[in-house]
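All remarks here apply to the structure that follows.
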Amino acid sequence: MKRAVYRATWLIAFAALLNGCKVAHENGGFTVVQHVVSQRTGQTVEWNGHTASDTTIGAAIQKMLLHPLTADQVVQIALLNNQNLQAKLEELGIAKADLVQAGLLQNPVFAASWRFPDRAPHGTDAEYSVAENFLSLLILPLRKQIAEAEFQGIQLNVADEVFALDAEAKSAYFTFEAREQLLTRLRGIKELNQTAADLAARQHAAGTINDLDLINQQAICDEASIDFSHAREQLIADRERLNRLMGFADRPPAWNIAPRLPDIPSREMANTDLELLAMRQRLDLAAANSHIAALKKILSVTKGFRYFTTVDVGIDTEHGTNGQNVTGPTLSLEIPIFDQGQGRVAKIEAQFRQAQFRIKAMTTDIRSEVREVRDQMLAARDLTEKYRDLVPKRQRIVELTLQQYNGMLKGPYDLLLARQSQLAAEQGYIESWRDYWVDRTQLTRAVGGYLPDSSLQIIRSTATEFHSTTTHAGEQP
C-alpha cells in the first residue's frame with residue numbers, strides 16, 4: 001500500500017510538471033508587443049537578453065549616429081537603448097511567471113507519524129498519508145483563464161509604455177531642434193542690440209543723446225544677452241534630456257540633429273474620426289477592459305466556490321503494532337459556519353464596479369484629450385501660418401528701411417528696430433512651428449500611437465536599416 005501512495009504522489013507531480021512546461025517555454029509575450037509597436041509606429045523594440053538581435057543593437061545605434069538624427073531615429077535609439085523601457089519590459093517576464101504559476105497544480109501534502117506503545121504488543125504504529133487539494137484541481141482551468149486575462153492586460157500596458165516613450169522622445173527632439181534655431185535668432189538679436197548699445201555710447205559721448213536714452217539702450221542690450229544665455233542653458237538641458245531618453249550613460253556619444261523642423265502636412269483629420277480611432281487604438285483602454293474581464297472571472301469563481309476554500313482528498317495507510325494494515329481514502333474540508341465568503345464576494349463586486357466606473361471615466365477623458373490636443377495643434381498651425389506670412393513682410397521692411405537709411409531718410413535706430421522686429425517674427429514662427437509638432441506628437445499619443453495620414457516612410461527606413469544590420473550579422477531579426 002505504501003507503493004500505491006508513492007505512485008499516486010509521483011503521478012500528481014508529473015502532471016503538474018507537464019502542465020508547467022506547457023507554458024514556460026514562451027518568451028513572455030514580447031512578440032505581441034513587438035508586433036503592435038511595429039504596426040503602429042514602424043519602429044523596432046528589443047528586449048535585451050531575450051532576442052537574437054542583442055549583439056547588433058550597439059552597431060545599429062552607432063550607424064545611426066554617423067548622420068544627423070531625425071525624430072524617428074531618436075525614437076528608434078530610445079526603443080533599443082532606454083533602460084527604463086527595459087525595466088518595463090521585465091514586467092512581461094513577471095506576468096508570464098504568474099501565468100505559469102496559475103497553471104500549476106498545488107503540490108500534494110505528504111504526512112507521516114510514528115507512535116510507540118508503552119505496553120505489549122510492542123512495535124511501531126506507523127501512519128502515512130498523501131493528500132491533494134481537490135478544489136485547486138477543479139478550478140485550475142478558471143484560474144488559468146484569469147491569469148491569461150491579466151497577462152494580456154500587462155502586454156497592453158507595456159506596449160502603451162512604448163508609445164509613451166515614443167511621444168516623449170519626439171517631443172524632446174522637436175523642442176531641442178526648435179531651441180537650436182531659436183538660439184541662432186537670439187544670437188542675432190543679442191548682436192544687434194550690442195551694436196545699438198555701442199552706437200548709443202558713441203552718441204552719448206558726442207552729446208546727441210541724454211543719459212536716459214543711453215541707459216535704456218544698454219538695458220535692452222543686457223536683456224537680449226540674458227535671453228540668449230537662458231536659451232543656451234535650456235539647450236544644454238534639452239540635449240541632456242535627449243541623452244537620457246536615448247539611454248546614453250556617463251559619456252554620451254557625439255550626435256547632431258536635422259537642421260530644421262519638418263514641414264507641416266497639408267491636411268488634418270476630423271475630430272470625430274480621431275475620437276473613434278482613439279476608442280479603437282488606445283491600449284490603456286484595452287488594458288482596462290482586460291482587467292474588467294479578469295475581475296468578472298474572479299467574481300464568478302469566488303461566488304461559485306465561496307463556501308469552501310480547501311477540499312483535500314487523499315489516501316491514508318496505518319500499520320499497527322499487531323501487524324494489521326488499515327488503508328483508506330481521506331477527506332478534509334472547511335465547514336463554512338462563520339466565514340461563507342461574504343467579504344471576498346463583496347470586495348470583488350466593489351472592485352468590479354470600480355473598474356466599470358474607471359472605464360467610463362477613461363472613455364470620457366480620452367475623447368476630451370483628443371479634442372483638446374487637436375484644438376491646440378490647429379491653433380499652433382494657424383499661428384504658424386500667420387507668422388509664415390509675417391516673416392517675409394518683416395524682411396521686406398528691413399530691405400526698404402535699409403534703402404531709406406542709405407538715402408539718409410531713416411536713422412540707424414529705425415534700421416535696428418526693423419531688424420529686431422524681423423528677428424522677433426522669426427522667433428515667433430519657430431516657436432509656433434515647434435508647438436505644432438509637439439502637439440501633433442501628443443495627438444498621436446492620444447489616439448493610440450498611429451495617425452492614418454502620418455508618413456511612416458522615414459521610420460520604416462530606420463527599422464529596415466536595423467533589421468538589415470542584424471541579418472548581416474547572421475542573426476534573425
Rounding to 0.5 Å, atoms CG (Asp98) and CD1 (Ile154) come to a distance of 8.5 Å
Run the salt-bridge test on Glu385 and Arg381 with the 4.0 Å N-O cut-off and return the result as yes or no.
-> yes
Would Asp198 and Gln194 count as having a side-chain donor-acceptor pair, cut-off 3.5 Å?
-> yes
Closest approach of Ala102 and Leu140, non-hydrogen atoms and distance?
-> O-CD1, 3.3 Å
Please determine which of Thr384, Asp389, Asp382 meets the side chain to side chain donor-acceptor pair (under 3.5 Å) test together with Lys386.
-> Asp382
Heavy-atom nearest pair, Leu423 first then Gly188, reads CD1-C, 3.6 Å
State whether Arg440 and Glu268 are salt-bridged, where the test is any N-O pair (Lys NZ or Arg NE/NH1/NH2 against Asp/Glu carboxylate O) under 4.0 Å.
-> yes
Given the rule in the side-chain contact (heavy atoms from CB on, under 4.5 Å) test, do Glu275 and Met279 qualify, once you have shown the distances and angles that lead to the verdict?
-> CA-CA 6 Å; Glu275 289 179 40; Met279 291 299 101; 5.7 Å; no
Pairwise distance CG(Asp160) to NZ(Lys88) - rounded to 0.5 angstrom | 9.0 Å
Are Arg434 and Glu177 ion-paired here, with the side-chain N under 4.0 Å from a carboxylate O?
-> no
Let me see the working for His291 and Leu295 under side-chain contact (heavy atoms from CB on, under 4.5 Å), right down to the final yes or no.
-> CA-CA 6 Å; His291 179 59; Leu295 285 175; 3.4 Å; yes
With distance as the sole criterion, is a donor-acceptor pair present between the side chains of Gln356 and Arg353 under 3.5 Å?
-> no
Between Asn406 (side chain) and Gln403 (backbone), is there a donor-acceptor pair under 3.5 Å?
-> no
More than 12 non-hydrogen atoms from neighbouring residues, nucleotides or ligands closer than 6.0 Å to CZ on Arg358, yes or no?
-> no
Nearest non-hydrogen partners of Leu261 and Trp433, listed with the distance = O-CZ2, 3.1 Å
Quick one: does Ser38's side chain have a donor or acceptor within less than 3.5 Å of a partner on Gln34's backbone?
-> no
Give, for atom CZ of Arg394 and atom CD of Gln420, the distance between the pair rounded to the nearest 0.5 Å.
-> 11.0 Å
Trace of the side-chain contact (heavy atoms from CB on, under 4.5 Å) decision for Ile77 with Leu69 | CA-CA 10 Å; Ile77 293 173; Leu69 296 174; 4.1 Å; yes
Please determine which of Val45, Val32, Leu89 meets the side chain to side chain contact (heavy atoms under 4.5 Å, CB included) test together with Val158.
-> Leu89
Thr70 side chain to Gln73 main-chain N or O, any donor-acceptor pair under 3.5 Å?
-> yes
Taking only residues two or more places apart in sequence, or in another chain, which ones meet Glu180 in a salt bridge (Lys or Arg N to Asp or Glu O under 4.0 Å)?
-> none
Give a yes or no on this: more than 12 heavy atoms of other residues, nucleotides or ligands lie within 6.0 Å of atom CD of Gln101.
-> no
Which atom names give the shortest non-hydrogen contact between Gln86 and Leu79, and what distance separates them?
-> NE2-O, 4.3 Å
Using atom types as modelled and distance alone, determine if a side-chain donor or acceptor of Ser432 lies under 3.5 Å from a backbone N or O of Gly428.
-> yes
Rounded to the nearest 0.5 Å, what separation is found between the CG atom of Asp439 and the CG atom of Asp375?
-> 10.5 Å
Stepwise side-chain contact (heavy atoms from CB on, under 4.5 Å) check, Val36 with Gln39 | CA-CA 5 Å; Val36 172; Gln39 286 293 106; 5.9 Å; no
Interatomic distance, CZ@Arg185 vs CD1@Ile189, rounded to 0.5 Å, equals 10.0 Å
Looking at CD of Glu168 and CZ of Arg241, how far apart are the two atoms once the value is rounded to the nearest 0.5 Å?
-> 5.5 Å
What's the shortest heavy-atom distance between Asp263 and Trp437, and which atoms?
-> O-CZ2, 2.9 Å
Tested for salt bridge (charged side-chain N to carboxylate O under 4.0 Å, His left out) against Glu349, the lone hit among Lys303, Arg344, Lys296 is Lys303
Take Glu369 and Arg445 through the salt bridge (Lys or Arg N to Asp or Glu O under 4.0 Å) test and state the conclusion after the steps.
-> CA-CA 10 Å; Glu369 180 184 358; Arg445 170 81 176 110; over 6 Å; no
By side chain to side chain contact (heavy atoms under 4.5 Å, CB included), which residues pair with Ile146, not counting sequence neighbours?
-> Glu150, Lys297, Ile298, Val301
